[in-house]
Amino acid sequence: MEFGKLLGAKTIDNRVEIEFEKQDVVVQIITDEILRVLVPCWKKDYKSVAIEGNPSIPCDFQIEEDEGAVQIKTASVILNIWDDFGFVFTDKYKDEILTSYEGQRSLEGALSDEAVGLLEAEGHHLSGAKRVNYKIQQIFRLNEKERFYGMGDKTGFLNKRGFAYENWNSDIPQIHHENMPALYKSIPFVIGKGPGYTYGLFFDNTFHSYMDMGKESTDYFFYGADDGNLDMYFMTGECIADVIEHYTYLTGRSPLPQLWTLGYHQCRWGYASEDDIRTVAAKMRQNKIPCESIQYDIDYMDGYRVFTWNEKDYGPKGQLISDLKKDGFKAVCIIDPGVKVDEGYFMYDQGIKMDYFARDRDDKVYVNQVWPGDAVYPDFGREAVRNWWATSHKELVSLGMQGIWNDMNEPASFNGPLPLDVKFHIENRLTSHAEVHNVYGHFMSMATYQGMEEITGKRPLVITRACYAGTQKYAAVWTGDNQSVWSHLQMLIPQICNLGMSGFAIAGTDIGGFGGDTNPELLIRWVQAATFCTFFRNHCAKGQKLQEPWQFGETVVEIYRKYIELHYRFLPYIYDLLFESQITGLPVMRPLVLQYENDENTYNLNNQFMVGENMLVAPIVEQGMTKRMVYLPDGNWINYWTKERFSGKKHIIVDAPIDVLPIFIKVGSIIPMYHQVQYVGEKPYDSLKLLVAGDSAWGSHYQDNGEDFAYLDGEYNLYSFTYENGELDVDMLHEGYEKYKSIDIEMI
Ligand code: MIG
């Protein structure tokens, strides 16, 4: 990208258009803390998929022009730009935060264009070895101490420094290892943390993009993309939490879910009939393992035709669902995007008639293969197609379906990748797969959310595998096809924490591992580590060892039950955090660095996490381990099980035999808990228990009907609790819902 000399600048409303000899740049002042820097080399009026509406808030800014330089100053940031699009962001004290790198990338060891061509022809569209200058590219100076967080579901560790990634939603059934360039999701958002500064960078471009966070060089990091604009949102903040708040202000927040969706779910790809499902459901209740749903994977459909029911193996429509409902089970089923090519099948016929499927370069409906064999791809970027898809959920809902799980929406394909020139739309604009690929899952989730909201009037449960920045407004996520290996249990913590710092407050992994055979120890340690996940599901693949807890004997059942029960006891705490998340964008599961960011011990802490601000969890994620080192940050902490007290800022060794998940409660906090149930709705949650940590403690709590949108009209309660001198004081910050009959306390 070439810019040349800076010639001048003009201000129009909140935009500063900077003219260079070769390529103009637009700086848009979104808020005092958020600046958008757009290099419109592709489209000047690009309408974001991630950011809906106009996020700009009028604010004062000053602009100063000097020869060959422009300075833009808000109350919080100063941006200086000069010739050749050199720039530096500083804070209001003029301390440097982020600076462009003026040198070239060092491409030693890079492949020739010819070699890259060969690799790509072979289908290596994620060739980590490919080192070229990208059509769209921005290089930044790298501080020796800089660390990076966020970036969605990328594998590896909490801190992304020293690794390189790609954004190209990819169905990867092979084992996910720590060096993987990409998985299912593209969230081109990173939080940078250097000595004394914090910032966020969101690159709003849906084409295949690349983020090298200091792997190629220790001097710089860079962003690259195959096409589109260079469209960067720079966010400043005093701390990581500020940056997350700004990012989720732009791209949206995970909406409050229905309470039951946060409970435990059991699944298997391979429950082949209603008998399988009935048996598993019955065993859940017999074994007294609380459970909300046995989720229906692809076999419930008739020949993998979406929105149909396999009556042969799953019985008459609606019967199984309504039978299980009597026992408190909610129904959740999978819906893939691929529509079977099959004349006479309503989805295919309707879609063809209405021209709702993507077309190839010759304008023929594009066909690839997925589960139903030959299949076509709905063009979800169009509103009409989304409306059609949304409405298509009606029959399933009338049968009792309460949640939808969207899979294969990278989009996945069995007959080679979809060519980049397959024609899709983004709203009314015709474009190609190259631009739509990374937002295909986003638009599908949007359609599903819309359908479930319109049809049920409840808060939709949509779970998606593929997504883009901003999809958190419509869907919860799971991390796809992990495997039953210890390294994937270890990865759960950084992966869920980074998804959380990327806006996805509702997320989980397949407990026990999806591929491969799990074993008793691994399954137990997994359910323990996942106890505070907001999407809490055991799932595994066809052909693998059965993975319900009772497959592993009575001891496993007992320990497994203990942690499912613990999850249910702490449901109000998890729910409270999701309520707060709508205001702050913060997740439930947080890395320690989010709360204690000036403490060096937290910078690279991959094996423990916080639940909100008041609970610290340190799971065992290594085979054979029964003790572990735990870092307790500033403050005083109480071991939840032993009640032992510790002062923080130190490492301790804690016992963790197979039935123990080490949990520490922060002194001074009050944590709400519910009584034990077998499923949400079994008994009314009409009483609350407060876990009071210390002689003087404070907490708050949110309560509503847990189902619909009445809370938006004020039908909720917000409590504030103060415990002092042996007495609990309850203050109603908002009163609009039936209050608890009793509130008890348990001192810890
Ligand atoms: O190609 O529907 O990640 O959870 O069980 C496999 C079958 C397709 C992949 C999902 C997994 C699901 C499976 N699906």
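What's counted below: heavy atoms across the whole structure, side chains too, no hydrogens, waters or symmetry copies. Atoms within each ligand, like the ligands themselves, are counted from 1 in listed order.
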Heavy atoms of other groups near Lys325 NZ, more than 12 under 6.0 Å: no
Aromatic ring pairing Phe570/Phe532, orientation class (parallel under 30°, perpendicular over 60°, tilted between): tilted
Extract all donor-acceptor atom pairs below 3.5 Å that involve side chains of residues 395-404 and protein atoms in other chains or at least two apart in sequence.
unit_1	atom_1	unit_2	atom_2	d
Glu395	OE2	Lys317	NZ	2.8
Ser398	OG	Glu395	O	2.7

Pair Trp309-Glu311, side-chain donor/acceptor within less than 3.5 Å: no
Table of N or O contacts for ligand 1, cutoff 3.5 Å:
unit_1	atom_1	unit_2	atom_2	d
ligand 1	2 (O)	Asp297	OD1	2.6
ligand 1	3 (O)	Arg465	NH1	2.9
ligand 1	3 (O)	Asp481	OD1	2.4
ligand 1	4 (O)	His539	NE2	2.9
ligand 1	5 (O)	Asp297	OD2	2.5
ligand 1	5 (O)	His539	NE2	2.8
ligand 1	14 (N)	Asp407	OD2	2.7

Ring centroid separation Phe357 to Tyr366 under 6.0 Å: no
The single option from Trp405, Tyr184, Phe535 passing ring pair (Phe, Tyr, Trp, His ring centres under 6.0 Å) against Trp478: Trp405
